[in-house]
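Notes follow once the structure below has been shown.
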Protein chains: 2
Amino acid sequence: MLPVPFNTLPNTALKPRKLGKGEILFRQSDPPSFLYFLRSGHVQLRRHTEAGEAIIIHNAHGGQTFAEASLFSSNYHCDAIACEPSELVAMNKIQILKTMRQNSLFAFALSARFATEMQAQRRKLELFSIKSAPQRIFAAIADGMLTGSVTSLAADIGLTHEATYRALAQLTRQGKLVKTGRGRYELAKIESRTTG
Amino acid sequence: MLPVPFNTLPNTALKPRKLGKGEILFRQSDPPSFLYFLRSGHVQLRRHTEAGEAIIIHNAHGGQTFAEASLFSSNYHCDAIACEPSELVAMNKIQILKTMRQNSLFAFALSARFATEMQAQRRKLELFSIKSAPQRIFAAIADGMLTGSVTSLAADIGLTHEATYRALAQLTRQGKLVKTGRGRYELAKIESRTTG
DNA sequence: CCAGATATATGACTGAAATCATATGGAAGC
DNA sequence: GCTTCCATATGATTTCAGTCATATATCTGG
């Protein structure tokens, strides 16, 4: 199912797509007709410098939407390439704009979605600006980001899994985290101070 | 002047505020009545763990808006504290919501603002996920982020100014950038390959 | 049940950015 | 014009995350 409020769009506005590894979803020069929900896989948004160097704008993963700004723009600002086999839903821009005009609740919910996303991204950006691995991991766990595996957390917060495991061990020794199981850590409720 | 579309709000929706260093703008427990435009200064949004550790959610600087998500929420999710003397404009949440309902152009422009902001943040997040200083700086310059001083760029992209100057020198030696003046660098138009 | 794959965990070593230090060029204020 | 302050720039040292290696635990599929 699509995330709110896209789940209320008529089926005529939606078009499923499948991409193989390396396939191009759209190019910078294409007129932007769709925004996308990525069911599964990995799509990369890229720009290129005049000298031909690729600049990665965004990495979209399963469950995420992307190219939202194309709603309000007459150009895509980047190319979109599937880095893995990917399943998507293309959502028609014109029909979304029409729905926004006709259905103020939809427009409202879309704004809410954008605002919430902005907030989450600001938090994540602040997380990435923490240089120290232990501090970054502590903040990530405080943000409730350790839901799956430690490995996936590590990838999510821009650290190697080795650095992550080490920092988790250190934070546990320091009493800032408690290890509740293999690969499971929680915030310590009461700050304890131990060297280590 | 306020950024689009807040500049179209009636004056009754706006309330200027000044905060001294360390003053609290709002607390997590406060009902969210305003979103804010920060004219100048530095406001930090923070949460606290049960053990009392502060988690920085966002650093707002001059020219930015923050607490947008409060429009759609019944709670602030963090405390807001001025880290420097700051001038703000508090924008009334109720009146903004009312304007959104009554003026679809305003609602549309607000969505557009949010979507653009999301896009910019995703780009910046991708920038921060580049570990190598030279590569990060190259991407930042390709994104047109070197408008002011090198020092402010360095702070903006999460590197020390020393690392930034060194990387700029290296990229220039490699022919990927051209130095157009003291503290001024641009992308080289044609990729040249030199060791260094 | 067994084999292979993946996640967890940690040790050793390396490399790159942070830190600390120093020097110079410009801009701003007196 | 002179002083002060900040940005630019680079050298020396340290620190810490990355990389490479190894071992074990758990999960998955045949």
Side-chain angles (χ1 to χ4, degrees), chain A residues 40 42 56 61-62 84-85 124-141 145-186 194-196, chain B residues 40-42 56 61-62 84 124-141 145-186 194-196:
Chain A
S40 65
H42 176 191
I56 299 165
H61 295 276
E84 293 170 27
K124 196 161 178 184
L125 194 57
E126 212 55 56
L127 195 71
F128 269 69
S129 74
I130 302 173
K131 314 241 188 214
S132 151
Q135 284 173 39
R136 191 187 299 187
I137 286 159
F138 181 82
I141 290 183
M145 292 179 73
L146 179 51
T147 50
S149 69
V150 175
T151 303
S152 64
L153 173 73
D156 205 29
I157 65 177
L159 290 171
T160 59
H161 59 92
E162 295 98 324
T164 304
Y165 284 120
R166 265 187 266 273
L168 285 168
Q170 183 189 319
L171 289 162
T172 304
R173 281 197 304 274
Q174 291 175 348
K176 296 187 176 178
L177 297 181
V178 276
K179 182 168 180 171
T180 58
R182 190 179 152 82
R184 318 253 65 194
Y185 299 82
E186 287 175 11
T194 317
T195 48
Chain B
S40 65
H42 176 193
I56 298 166
H61 295 277
E84 294 171 25
K124 197 162 177 186
L125 193 58
E126 213 53 58
L127 195 72
F128 269 71
S129 73
I130 302 172
K131 313 239 189 217
S132 149
Q135 283 174 39
R136 191 187 299 187
I137 285 159
F138 181 81
I141 290 183
M145 292 179 71
L146 179 51
T147 50
S149 68
V150 174
T151 303
S152 64
L153 172 73
D156 206 28
I157 65 177
L159 291 170
T160 59
H161 59 93
E162 294 98 324
T164 304
Y165 284 120
R166 265 187 267 270
L168 285 168
Q170 184 188 319
L171 289 163
T172 304
R173 281 197 304 275
Q174 290 175 347
K176 296 188 177 177
L177 297 180
V178 275
K179 183 168 179 171
T180 58
R182 189 180 153 83
R184 317 254 66 193
Y185 298 82
E186 287 174 13
T194 318
T195 47

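Sequence lines set the chain letters: A, B, ... in the order given, protein chains first and strands last, and positions in each chain run from 1.
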Discussion item. Rounding to an integer number of Å, can you tell me how far A:Tyr165 OH sits from D:dA23 P?
Written reply: 18 Å

Practice prompt. Consider the side chain of A:Thr160, meaning its heavy atoms from C-beta on, and name the nucleotide among D:dT10, D:dT8, D:dG18 that approaches it most closely.
Written response: D:dG18

Worksheet entry | The single option from B:Thr151, B:Leu159, B:Thr160 passing side chain to side chain contact (heavy atoms under 4.5 Å, CB included) against B:Tyr165 | B:Thr151

Discussion item. I'd like the 5' and 3' limits of the part of DNA chain C contacted by chain A, with heavy-atom contacts below 4.0 Å.
Written reply: C:dA7 to C:dA18

Item to complete: Output the single nucleotide from D:dA12, D:dT8, D:dG18 whose closest atom is nearest the side chain of A:Arg166.
Response: D:dG18

Practice prompt. Find which nucleotide of DNA chain C each of B:Glu162 and A:Arg182 is nearest to by heavy atoms, and output the residue with the more 5' nucleotide.
Written response: A:Arg182

Response to the item:
A:Leu171 CG to D:dA17 P, in whole Å, measures 11 Å

Worksheet item: In whole Å, what is the span from the CG atom of A:Leu159 to the P atom of D:dC16?
Response: 14 Å

Response to the item:
Contacts of A:His161 and A:Pro134 projected onto DNA chain D by closest heavy atom; the upstream (5') one is A:Pro134

Discussion item. Return whichever of A:Arg184 or B:Gly158 has its heavy-atom-nearest nucleotide of DNA chain C closer to the 5' end.
Written reply: A:Arg184

Worksheet item: For B:Ala167 and B:Ile137, which heavy atoms make the closest approach, and how far apart are they?
Response: CB-CD1, 3.4 Å

Response to the item:
Nearest heavy-atom approach of A:Phe128 to B:Ser129 is CE2-CB, 3.9 Å

Worksheet item: What is the distance from CZ of A:Arg136 to C1' of D:dC16, rounded to the nearest Å?
Response: 12 Å

Discussion item. Between B:Tyr185 and A:Thr164, which residue's closest nucleotide on DNA chain D lies nearer the 5′ terminus?
Written reply: B:Tyr185

Practice prompt. Mind running side chain to side chain contact (heavy atoms under 4.5 Å, CB included) on B:Leu168 and B:Lys179 for me, showing each step along the way?
Written response: CA-CA 9 Å; B:Leu168 285 168; B:Lys179 183 168 179 171; over 6 Å; no

Worksheet item: Within less than 4.0 Å of OP1 or OP2 of D:dA9, is there a side-chain N or O belonging to B:Lys179?
Response: yes

Worksheet item: Of all the choices, D:dT26, D:dG18, D:dT8, which nucleotide is nearest to the side chain of B:Ser149 once you look at every atom?
Response: D:dT8

Item to complete: With heavy atoms under 4.0 Å as the rule, sort B:Leu168 into base, sugar-phosphate or nothing.
Response: nothing

Discussion item. Is B:Thr151 close enough to D:dT8 that one of its side-chain N or O atoms is under 4.0 Å from OP1 or OP2 there?
Written reply: yes

Worksheet item: Base, sugar-phosphate, or nothing: which does B:Ala167 touch, judged by heavy atoms less than 4.0 Å apart?
Response: nothing

Worksheet item: Where is the tightest heavy-atom contact between A:Phe138 and A:Leu171, given as atom of each residue plus distance?
Response: N-CD1, 4.0 Å

Worksheet item: Between A:Arg184 (side chain) and A:Ser149 (backbone), is there a donor-acceptor pair under 3.5 Å?
Response: no

Worksheet item: From A:Ile157 CD1 over to A:Leu146 CG, what is the distance, rounded to the nearest 0.5 angstrom?
Response: 9.0 Å

